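Because only heavy atoms are used, hydrogens play no part in the values below, and waters and symmetry mates are left out as well, while side chains stay in. Note that the coordinates shown come from a computational prediction; the quantities given were computed from them, not determined experimentally.
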Amino acid sequence: MAQTRSRRHLTIWGFAAIASTWTAAAVAAPLELPPLVQPATPDRLPGKVVWVDLVTPDLEGAKSFYSGLFGWTFRDVRSGEKDFVLAMLDGHPIAGLVQRAEPKHKSKQPAWLTFISVRDVAEAERVAVAKGGKVLATSREYPQRGRQEILADPQGAVFAVLQSSSGDPADVLAEPGDWIWSSLITSDTNAGSAFYQAIFDYDVFDITTSGDERQHLLLATDGYARATANNLPSHPGRRRPHWLNFVRVVGAKDTAAKVVSLGGRVLVAPHPDRNGGMVAVAADPSGAPFGLMEWSDTESKEVSK
């Protein structure tokens, strides 16, 4: 059971795709991934979501969709190969996109992979395995990026850990079009939060309010909220435990309408969130889910213990 303080679907076929990309890169030339921070700093923020990768069967379609939706631009990172690109916002790298063929099993679909900062990948692996997690792709080093590894928690949610060689991005408010929040959607919030607490030393706050049909736990480090752990809906269908990442938007309703106009789908219609703005969940044309979140410039992620 997670130590809590009272206060204030998918199965990813993507992890295998990224793993095979890493293996191919090791055999040929290594991926030239940019550092997380330029210039480098000594700052390390374990438990913070610091990167995301999309695995998609339609790279050009994904580029067109996210460019039209968020204004992202793209840059190839391997000469002679067009199956891995960087997504950029105002010239700053914010995500990677990997091309892989359509999965044979329809229960497996494209997804965004969440990378969480750690000080030591080997130690994170040791704790994760001891707590019932699995290693899905063994760790690999990238000269400018650092060391990273793909894992699954005991409930089956897939995530990655990243030991940055350049430091972690500072705790500043994300601009519209950038990633602002992440949520663990799981079958057991207490067990799930306890697993991640063991790895990342999260402070866990129960923020479930009266009338909530689902439990909500807040995961924090260094006095900053990092993510939430939430129960799967009562009737999840084929949805399974997973991480869901949110992009900051100015207007969730308008952005959701734009998702549809660009060929995507709205999975959860825009609705009020506990932070005062609106949130929604959408999927790109290939089916990869992501969140939309409004966030006030005056709203802080700092938490009081």
Between [Y] and [X], is there a side-chain heavy-atom distance shorter than 4.5 Å?
X      : Y      : result
Pro241 : Leu184 : no
Tyr142 : Leu162 : no
Thr73  : Ser67  : no
Val49  : Trp181 : no
Glu149 : Val135 : yes
Thr221 : Asp201 : no
Phe159 : Ile199 : yes
Pro233 : Arg214 : yes

Side chain of [X], backbone of [Y]: donor and acceptor closer than 3.5 Å?
X      : Y      : answer
Asp206 : Thr208 : yes
Arg100 : Val55  : no
Thr189 : Asn230 : no
Ser183 : Leu244 : no
Thr255 : Ala252 : no
Gln99  : Leu59  : yes
Ser286 : Pro57  : no
Glu294 : Val249 : no
Arg145 : Pro34  : yes
Gln155 : Ser187 : no

Cluster check [X], [Y]: I/L/V/M/F/W/Y, side chain < 4.5 angstrom:
X      : Y      : result
Met278 : Leu69  : no
Val129 : Ile116 : yes
Leu45  : Trp179 : no
Val250 : Val247 : no
Phe246 : Leu173 : yes

As a quick check of understanding, evaluate side-chain contact (heavy atoms from CB on, under 4.5 Å) for Val52 and Leu113, giving each step before the final call. CA-CA 5 Å; Val52 290; Leu113 177 65; over 6 Å; no
From CA spacing to verdict: side-chain contact (heavy atoms from CB on, under 4.5 Å), Met88, Ile94: CA-CA 6 Å; Met88 320 279 288; Ile94 59 169; over 6 Å; no
At their closest point, which heavy atom of [X] faces which heavy atom of [Y], and how far apart are they?
X      : Y      : result
Ala198 : Val127 : O-CG1, 3.6 Å
Leu97  : Ala62  : CD2-CB, 3.9 Å
Ala283 : Phe290 : C-CE2, 3.9 Å
Leu89  : Gly177 : CD2-C, 3.6 Å
Ala282 : Leu267 : O-CD1, 3.9 Å
Pro289 : Pro110 : CD-O, 3.8 Å

Count the heavy atoms of every other residue, nucleotide or ligand shown that sit under 6.0 Å from [atom1] of [X], and state whether that count exceeds 12.
X      : atom1 : answer
Asp43  : CG    : yes
Arg265 : CZ    : no
Lys63  : NZ    : yes
Asp120 : CG    : yes

With rounding to the nearest 0.5 angstrom, report the [atom1] to [atom2] distance, [X] to [Y].
X      : Y      : atom1 : atom2 : answer
Asp222 : Asp203 : CG    : CG    : 9.0 Å
Thr186 : Arg240 : OG1   : CZ    : 13.0 Å
Arg44  : Ser117 : CZ    : OG    : 7.5 Å
Phe205 : Ser193 : CZ    : OG    : 12.5 Å
Asp53  : Trp112 : CG    : CH2   : 8.0 Å
Asn245 : Thr114 : CG    : OG1   : 3.5 Å

Please report the C-alpha distance between Gln215 and Asn190 in whole Å, then the side-chain angles of each, then the deciding distance to 0.1 Å, and finally whether the side-chain contact (heavy atoms from CB on, under 4.5 Å) criterion is met. CA-CA 9 Å; Gln215 186 178 26; Asn190 287 316; 3.6 Å; yes
Mind checking whether Trp243 and Tyr196 have ring centres under 6.0 Å apart?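 Aromatic pair counts; centres sit under 6.0 Å.
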Angle class for the Phe70/Tyr66 ring planes (parallel below 30°, perpendicular above 60°, tilted otherwise)?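 Taking Tyr66 first and then Phe70, their aromatic rings lie parallel (interplane angle under 30°).
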Write out all pairs satisfying salt bridge (Lys or Arg N to Asp or Glu O under 4.0 Å) with one or both partners inside residues 278-289, taking only residues at least two apart or from two chains.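 Checked against salt bridge (Lys or Arg N to Asp or Glu O under 4.0 Å) - neighbours excluded - no pair reaches residues 278-289.
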Under the salt bridge (Lys or Arg N to Asp or Glu O under 4.0 Å) rule, what pairs show up with a residue in residues 161-188, not counting sequence neighbours?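 Qualifying pairs: Lys48-Asp171, Asp171-Arg226.
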